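A quick note: this is a predicted structure, and the numbers were derived from the prediction, not measured. Note on naming: letters A, B, ... go to the chains in the order of the sequence lines (proteins, then strands), and numbering restarts at 1 for each one. As a basis for the values below, the full set of heavy atoms in this structure was taken, side chains included, without hydrogen atoms, waters or symmetry mates.
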There are 2 protein chains.
Amino acid sequence: MAKPANPLRLDSMLCFAVYAASHAFTRFYKPRLDALGLTYPQYLAFLVLWEQDGLTVKALGDKLFLDSGTITPLIKRLEARALVRRQRDVEDERLVRIFLTDEGRALREQALAIPLQVGEALGGDVEAGAVMRQGLKQLRERLDAALE
Amino acid sequence: MAKPANPLRLDSMLCFAVYAASHAFTRFYKPRLDALGLTYPQYLAFLVLWEQDGLTVKALGDKLFLDSGTITPLIKRLEARALVRRQRDVEDERLVRIFLTDEGRALREQALAIPLQVGEALGGDVEAGAVMRQGLKQLRERLDAALE
DNA sequence: CACAACTAAATTGTGTGCAATTGAAAAATG
DNA sequence: CATTTTTCAATTGCACACAATTTAGTTGTG
């Protein structure tokens, strides 16, 4: 009498809820980031670089969970627009360090408005957001730990 | 005396937690889906098609929150491998309907193992997963509602 | 019926993501 | 200290995502 309870139902999948929410964030950010001339991954890179200048490609990738195949071309596009500068480390010539230019640093002022708009869109429940963020972090850690 | 409390700190961002968790899911699924010869977005498409055959490109896109620019080439790759069949609707020739082939339908058996592995990796707390899924759905709806 | 407005799918162009490989440089090893 | 191993950044190839446009077909309007 009970219904078959499809174990492959899209709407029951946590993975899809995460996937769809991630795209929704990208869509939400799009018009805001267009004003800064940045894509969402580029914005993430700036979040890191505004906190700490002179990181290597590797270090930036570790923070964003991206590899050099993604970081290198992304940073090169920012360099072409003079928002960052790339420089080989003289101590260890394998390393390329990424520095903000004055223009890149100046972008931060305009970016400050964005988190406020996110908070507004989400109804301003900071506590619920923090709980969800923590849950997602644990989720990520468990998935990465189970990669064999 | 209090520290400045950077409002642009990466680790405080809900958007990044979602973004990173989404990629972690893709990484987790990769070896499992390689066994079926599917990418993660292709797997999502099959989740929908296994539930309901003969959907249009538009209807599939609505369920996955993707547009024809993503769906069309994805489905064409599946068609090239004879996992699905595309067919113009005779009533309305603007529509292209997507049907599973026997091979495409047969893939479902192998896919059944995957949700079990996810459950295992996440410690089997089904209740917590459902709560997070619901929270992410609400998050997505609020972000989409705030797109102006 | 004519014609404007709309809708669906496909196409084009740009920017990720990531696996796999390459080449250079540094570290580890015997 | 010479050779192997490891590490880092870059490159290549493939598959998304999505904005913007195009083409074709349908609907709405006078």
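No chain of hydrophobic side-chain contacts below 4.5 Å, direct or via other Ile, Leu, Val, Met, Phe, Trp or Tyr residues, connects Leu60(B) to Phe99(B). Placement of Leu95(A) and Val84(A) in two distinct hydrophobic clusters is found when ILVMFWY residues are connected by side-chain heavy-atom separations under 4.5 Å, directly or transitively.
For the pair Thr101(A) and Ala82(A), the tightest heavy-atom approach, listed with the atom from each and the gap, is OG1-O, 2.7 Å.
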For this session: Just do the side chain to side chain contact (heavy atoms under 4.5 Å, CB included) check on Val57(A) and Ile98(A) with the steps written out, would you?
Result: CA-CA 7 Å; Val57(A) 171; Ile98(A) 308 163; 4.2 Å; yes

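With the nearest nucleotide of DNA chain C identified for both Val96(B) and Glu91(A), Val96(B) has the one nearer the 5' end. Checking Thr72(B) against Val90(A), the closest nucleotide of DNA chain C that is more toward the 5' end is the one next to Thr72(B). Nearest-nucleotide positions on DNA chain D for Leu95(A) and Asp92(B) put Leu95(A) closer to the 5' end.
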Under 3.5 Å, which donor-acceptor pairs link side chains of residues 9-23 of chain A to any protein atom two or more places apart or in another chain?
residue  : atom : partner : partner atom : Å
Ser12(A) : OG   : Arg9(A) : O            : 2.7

Can I get a per-line list of side-chain donor-acceptor pairs under 3.5 Å for residues 116-131 of chain A, giving both atom names and the distance, sequence neighbours left out?
residue   : atom : partner   : partner atom : Å
Gln117(A) : OE1  : Arg32(A)  : NE           : 2.6
Asp125(A) : OD1  : Glu127(A) : N            : 3.4
Asp125(A) : OD1  : Ala128(A) : N            : 3.1

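In this model, no side-chain donor or acceptor of Arg94(B) finds a partner on the base of dT26(D) within 3.5 Å.
Across all strands shown, Arg86(A) has heavy atoms under 4.0 Å from sugar-phosphate atoms exclusively, and none from any base.
Side chain of Arg88(B) to backbone of Glu93(B): a donor-acceptor contact under 3.5 angstrom is found.
Between Tyr43(B) and Trp50(B), the ring planes are perpendicular. Angles over 60° get that label, and only those under 30° would be called parallel.
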For this session: Classify every nucleotide of nucleotides 14-20 of chain D by which part a protein heavy atom approaches to under 4.0 Å, writing B for the base, S for the sugar-phosphate alone and - for neither, in 5'-to-3' order.
Result: -SSBBB-

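In this structure Glu79(A) satisfies the salt bridge (charged side-chain N to carboxylate O under 4.0 Å, His left out) test together with Arg86(A), sequence neighbours excluded.
Rounding to the nearest 0.5 Å places CZ of Arg81(B) at 6.0 Å from CD of Gln42(B). From Leu83(A), atom CG reaches atom CG of Leu107(A) across 5.5 Å, with rounding to the nearest 0.5 Å.
Scanning residues 48-57 of chain B for heavy-atom distances under 4.0 Å to DNA chain C yields Thr56(B), Val57(B).
Taking the 5' to 3' direction, DNA chain C first and last meets chain B under 4.0 angstrom from a heavy atom at dT7(C) to dA19(C).
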